[in-house]
There are 2 protein chains.
Amino acid sequence: MTAGDDEESGVAAGLIRLSFLVQAVFARTSERHGLTPVQAKLLCVLAGGPRGMAELAGILGVEKAALTGLVDRVERRGLAERSAVPGDRRALRVTLTAAGRQAATAFHHSVSAELDGLAAALPAAERARFGASLSRLAAARGAPALFPAAGP
Amino acid sequence: MTAGDDEESGVAAGLIRLSFLVQAVFARTSERHGLTPVQAKLLCVLAGGPRGMAELAGILGVEKAALTGLVDRVERRGLAERSAVPGDRRALRVTLTAAGRQAATAFHHSVSAELDGLAAALPAAERARFGASLSRLAAARGAPALFPAAGP
DNA sequence: TATTGTTATACTCTATAACTATA
DNA sequence: TATAGTTATAGAGTATAACAATA
């Protein structure tokens, strides 16, 4: 950051610029798949297996009341379903339908391809180091993967 | 990506994880400053100088009709103002008020500090390389800086 | 005709508070 | 009492379409 710079050049500024870029790619890809960004995120989380409402709210970082509406809308579109949890009559479990699984997988492939295309602007060696730093930073804050592997 | 991985580990997955992390920091910081994330972004853009409505819509990536409401709300809160453009009676120019300038600066300092704290999880040498890669990627797509320096 | 900006309308997303049912 | 989830309400953000005024 030498005197005379007329644009920010620190790591913080880079994080913000890249983050908005990635979010724009995510939003555009969601839209191409007929989903809102939050719906896409929800489907990807559910691809890792069924979840309770409160659990989902925690993962997505929204209040449980907001989650009610989110699940209503994906359910109305046939992408997910609420079902009872044996042993606790208060609780519900949200599961992807076959269409929801397909939508989640298709979206995930698309967004990954778009972002790999973005990263292709870096030479291979630099890209590898960059990816390692990304993982290290995300792990340091416990950021969850978007598309967790389904349980065994 | 060896067989047996049960979590994504490519660059695309890292970009998504980090991006959501940064957006969460951005949102939390906005809220602490009494702003929505879009309002914070708008104020930071305006810190670079006055802008027309259509120009702002382009920078923020929203339709001009949506921008009307965004500017209404920051104007109602005394953070920005619409004024006439001499020579074109259709056009308006949006300018930060003194309070808006102060809010933009304070927010920018806070969010930069938060993100520098995030990046502090990397050793200095790796952080420098990482920052360089961030800038290169953002520049490759023409991503604008959040907080552009005011014109000379 | 094209451009600048607003209005009208509808929908998604979100939070807070109050509620029901079950544990 | 505490937990799981919903309903009610309000507001922000967004898009599309139709409009007014000016260029």
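In what follows, chains carry the letters A, B, and so on, assigned in the order in which the sequence lines appear, proteins first and then strands, with residues in each chain numbered from 1.
The NZ-P distance, from B:Lys64 to D:dA18, rounds to 13 Å in whole Å. As rounded to whole Å, 14 Å separates atom P of D:dG13 from atom CG of B:Leu56. In this structure, CD of B:Glu75 is placed 15 Å from P of D:dA12, rounded to the nearest angstrom. Atom pair B:Glu31:CD and C:dC13:C1' shows a separation of 15 Å (rounding to whole Å applied). Rounded to whole angstrom, the span from the CG atom of A:Leu60 across to the P atom of C:dA15 amounts to 11 Å. Between the C1' atom of C:dT6 and the CE atom of B:Met53 lies a distance of 9 Å, rounded to the nearest Å. To the nearest angstrom, P of C:dT12 lies 13 Å from CG of A:Leu79. Regarding B:Asp72, its CG atom lies at a distance of 13 Å from the P atom of C:dG5, rounded to whole Å.
How far CZ of A:Arg51 is from CG of A:Leu67: 12.5 Å, rounded to the nearest 0.5 Å. Residue B:Met53 holds its CE atom at 4.5 Å from OG1 of B:Thr68, rounded to the nearest 0.5 Å. The distance from atom NZ of B:Lys41 to atom CD1 of A:Ile16, rounded to the nearest 0.5 Å, is 10.0 Å.
In terms of position along DNA chain D, the nucleotide closest to A:Ala66 lies nearer the 5' end than the nucleotide closest to the other residue of the pair B:Leu70 and A:Ala66. Place B:Glu55 and A:Arg73 on DNA chain C by their nearest nucleotides, and B:Glu55 ends up nearer the 5' end.
For DNA chain C, the residues of residues 81-93 of chain B within the heavy-atom distance limit of 4.0 Å (strictly under) are B:Arg82, B:Arg90, B:Ala91, B:Leu92, sorted by number.
Of the possible donor and acceptor atoms, one in the side chain of A:Gln39 sits under 3.5 Å from a partner among the backbone N and O of A:Thr36. A:Arg93 places no side-chain N or O within 3.5 Å of a backbone atom of A:Val85 that could act as its donor or acceptor partner.
Checked against D:dT14, C:dT14, D:dT6, the side chain of A:Val38 finds its nearest nucleotide in C:dT14. For A:Thr68, the side-chain atoms get nearest to D:dT6 when compared with the rest of C:dA8, D:dG5, D:dT6.
Between A:Phe107 and A:Phe26, the ring-plane angle classifies as perpendicular under the 30° and 60° cut-offs.
For the residue pair A:Thr97 and A:Glu81, no side-chain donor N or O sits within less than 3.5 Å of a side-chain acceptor on the partner.
Nucleic acid contact for A:Leu67: none, since no nucleic acid atom lies under 4.0 Å from a heavy atom of the residue.
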